[in-house]
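Let me begin by presenting the structure, written as structure tokens, before commenting on it.
What's counted below: heavy atoms across the whole structure, side chains too, no hydrogens, waters or symmetry copies. Residue numbers start from 1 in every chain, and the chains themselves are labelled A, B, ... in the order their sequence lines are given, proteins ahead of strands.
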2 protein chains.
Amino acid sequence: MPEVLSVLVKTPLSTIMDALGDPIRLKIVRMLLEKGEIACGGFDLDLPKSTRSHHFKVLRDAGIILKHEEGTSIYNYIDRESLEERCPGLLEMLTQAEPPY
Amino acid sequence: MPEVLSVLVKTPLSTIMDALGDPIRLKIVRMLLEKGEIACGGFDLDLPKSTRSHHFKVLRDAGIILKHEEGTSIYNYIDRESLEERCPGLLEMLTQAEPPY
DNA sequence: TGCATTGTTCGGGAAACTTCGAACAATGTT
DNA sequence: AACATTGTTCGAAGTTTCCCGAACAATGCA
């Protein structure tokens, strides 16, 4: 393992940016910003559920979304409070960014 | 080539986020934000110049930085104007984000 | 004309990411 | 109990990224 890598490791912020660097995950986040809560399957993404689940996990591990089981359904939603504390202005930036996203 | 990928391709915004998803590039951007212009070699990054050049290219291709040759030196600086237009609030967010970055 | 400096490009090998089907829980429904 | 639904996990394959040394411009200086 090269010594250089020990100098710069993944940080919370770079992890967040990395998670948002994928077009699919970025679309998921934007859908959540628009519609509030969405069940994992409630996306019009033509992807197998294993792929979807993977992307949701990346977003969860980055601290961007949380999930919330209510009865029979599992909803995903954006952890606005935590995000606003760690990256003030990020969510507002995402909603204001120019298309195409 | 899977059909699915034709639905969601890289977008300008996801490209920007992806570029900032690397700890090294994020550090470069933060240094530029603090110090204004910096020559490619003027970073205290313990990396060979080929690696450094690679990261600068990624940042340039994402439209985050520009370079500016002045006499013998080549300076890099952040394209604030263009960034502010495409991602309003991004630079402010980066400066306000909580450490560790 | 050499020589140093600075940055890019190329080629490879290693590591990480993305994607998918299949198998596996967990829950609700009939 | 049998089945459907929803989401996770696993393993494998393909792609991409990252990193580095080496070779290659381009410029300035001795």
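Partners of K57(A) under the salt bridge (charged side-chain N to carboxylate O under 4.0 Å, His left out) rule, at least two apart in sequence or in another chain, are D61(A). Scanning for side-chain contact (heavy atoms from CB on, under 4.5 Å) contacts around H54(B) gives R25(B), V58(B), with sequence neighbours left out. The salt bridge (charged side-chain N to carboxylate O under 4.0 Å, His left out) search around D18(B) returns K10(B), not counting sequence neighbours. Under the rule for a side chain to side chain donor-acceptor pair (under 3.5 Å), the partners of Q96(A) that lie at least two apart in sequence or sit in another chain are E92(A). By the salt bridge (charged side-chain N to carboxylate O under 4.0 Å, His left out) test, D79(A) is found to be paired with no residue, residues two or more places apart in sequence or in another chain being considered. Scanning for side chain to side chain donor-acceptor pair (under 3.5 Å) contacts around R86(A) gives S82(A), with sequence neighbours left out. Contacts of K49(B) classified as side-chain contact (heavy atoms from CB on, under 4.5 Å), with partners at least two apart in sequence or in another chain: R52(B).
Rounded to whole angstrom, the span from the CZ atom of R52(A) across to the C1' atom of dC20(C) amounts to 13 Å. If you measure from atom OH of Y75(B) to atom C1' of dT6(C), you get 13 Å, rounded to the nearest angstrom. dC17(C) atom P lies 18 Å from atom CG of L26(A), rounded to whole Å. Atom-to-atom, CG of L59(A) to P of dG7(D) comes out at 15 Å; the value is rounded to the nearest Å. Atom C1' of nucleotide dG7(D) and atom CG of L45(A) are separated by 15 Å, given to the nearest angstrom. Going from atom CD1 of I74(A) over to atom C1' of dA26(C) covers 9 Å, rounded to whole Å. In this structure, H55(B) places its NE2 atom 15 Å from C1' of dG7(C), rounding to the nearest Å. In this structure, K67(A) places its NZ atom 15 Å from P of dT6(D), rounding to the nearest Å.
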Every protein N/O lying under 3.5 Å from an N/O of nucleotides 26-29 of chain D:
none

Write down the protein N/O and nucleotide N/O pairs, taken from nucleotides 9-13 of chain D, whose separation is under 3.5 Å; answer none if there are no such pairs.
none

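Here L66(A) sits in one hydrophobic cluster together with Y77(A); the rule is ILVMFWY side chains under 4.5 Å apart, joined directly or through other members.
Annotation: the span from H55(B) atom NE2 to I24(B) atom CD1 amounts to 4.0 Å, rounded to 0.5 Å.
Contacts with DNA chain D (heavy atom under 4.0 Å) in residues 15-23 of chain B: D22(B), listed by number.
Contact between P23(B) and S14(A) at its shortest, heavy atoms only, is CG-OG, 3.9 Å.
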Which donor-acceptor pairs under 3.5 Å do the side chains of residues 32-39 of chain B make with protein atoms, sequence neighbours left out?
residue	atom	partner	partner atom	Å
E37(B)	OE2	H68(B)	ND1	3.3

